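Predicted, not measured: the structure shown is a model, and the values here were computed from it. Note that these values count all heavy atoms, side chains included, but never hydrogens, waters or copies made by symmetry.
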Amino acid sequence: AAERDSWYELDQGLRHVHPYKFTFSSFAKRRWLGRKVVDVLAHEFPQRCDPAALMADLDAGALRLNGQRLQADAVFRDGDELKHDIVRTEPPVPAAPIVLLPCAAAGLLAVCKPA
């Protein structure tokens, strides 16, 4: 149990997950081909890739195209793979136990897990 507890903390009835590294990975979509990677990211993922955050991630080397650090003028080509390293921060959730609920349908399991 000690290992499992290390990735979160309990505080005032809420479970707070520690920030963790995550890598988004995607192959170039047909609609992206011939367009600058930074333009595609800003257009397709505006909630994560506002211009300031995108430039900070670019400068930090958090964006890679085909395994190489992304250059600001890079253009998507067929077969390109983009990886974007981020630190994910999750909102706190209730620290209530997960409860299995009775379910009338055969073969189904209902779970009450507040989030």
Trainee: Are any side-chain N or O atoms of R69 and backbone N or O atoms of D59, one a donor and one an acceptor, separated by less than 3.5 Å?
Mentor: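 Flag set: sc R69 to bb D59 pair under 3.5 Å.
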Trainee: Kindly indicate whether the side chain of I86, heavy atoms from C-beta on, has any atom under 4.5 Å from the side chain of R48.
Mentor: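 In contact.
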Trainee: Under 6.0 Å between ring centres: does that hold for F24 and F22?
Mentor: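 Yes, the ring of F24 comes within the 6.0 Å limit of the ring of F22, centre to centre.
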Trainee: Rounded to the nearest 0.5 Å, how far does CG of L101 lie from CG of L108?
Mentor: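 Reported to 0.5 Å precision, the distance equals 12.5 Å.
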Trainee: How close do F76 and A28 get, heavy atom to heavy atom, and via which atoms?
Mentor: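 Smallest interatomic distance, heavy atoms only, reads CD2-CB, 3.7 Å.
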Trainee: To the nearest 0.5 Å, tell me how far S25 OG sits from H84 NE2.
Mentor: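 Answer rounded to 0.5 Å: 12.0 Å.
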Trainee: Could you walk me through whether D80 and V37 satisfy the side-chain contact (heavy atoms from CB on, under 4.5 Å) test, starting with their C-alpha distance in whole Å, then the side-chain angles of each, then the deciding distance to 0.1 Å, before giving a yes or no?
Mentor: CA-CA 10 Å; D80 280 350; V37 175; 5.9 Å; no
Trainee: Carefully, step by step, assess Q71 and L65 under the rule side-chain contact (heavy atoms from CB on, under 4.5 Å).
Mentor: CA-CA 9 Å; Q71 301 301 311; L65 189 63; over 6 Å; no
Trainee: Which distance, rounded to the nearest 0.5 Å, do you find between the CG of D78 and the CZ of R30?
Mentor: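 Spacing of CG (D78) from CZ (R30) equals 7.0 Å.
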Trainee: Under 4.5 Å between side-chain heavy atoms, hopping through other hydrophobics if needed: is there a path connecting L33 to F27?
Mentor: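 No, L33 and F27 fall in different hydrophobic clusters.
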Trainee: Looking at every heavy atom in both L41 and C49, which two are closest together, and how far apart are they?
Mentor: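 Heavy atoms only, the tightest pair is O-CB, 3.6 Å.
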Trainee: If two hydrophobic side chains count as joined below 4.5 Å and joins carry through other members, does F45 share a cluster with V38?
Mentor: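 In one cluster: yes.
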Trainee: Mind checking the CG-CG spacing from D85 to L63? Nearest 0.5 Å is all I need.
Mentor: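 Between D85 CG and L63 CG, I get 8.0 Å after rounding to 0.5 Å.
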Trainee: Is there a path of hydrophobic side-chain contacts, each under 4.5 Å between heavy atoms of I/L/V/M/F/W/Y residues, joining V75 to L58?
Mentor: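 No, no single cluster joins them.
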Trainee: How long is the span from the CZ atom in R77 to the CH2 atom in W32, to the nearest 0.5 Å?
Mentor: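 Spacing of CZ (R77) from CH2 (W32) equals 15.5 Å.
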Trainee: Once you round to the nearest 0.5 Å, how far does CG of L82 lie from CG of L70?
Mentor: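 The CG atom of L70 is 6.5 Å from CG of L82, to the nearest 0.5 Å.
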Trainee: Show your working on side-chain contact (heavy atoms from CB on, under 4.5 Å) between V111 and L100 and close with a plain yes or no.
Mentor: CA-CA 5 Å; V111 179; L100 299 179; 3.8 Å; yes
Trainee: Using a strict 4.0 Å threshold on nitrogen-to-oxygen distance, state whether E44 and R31 make a salt bridge.
Mentor: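 Yes, E44 and R31 are salt-bridged.
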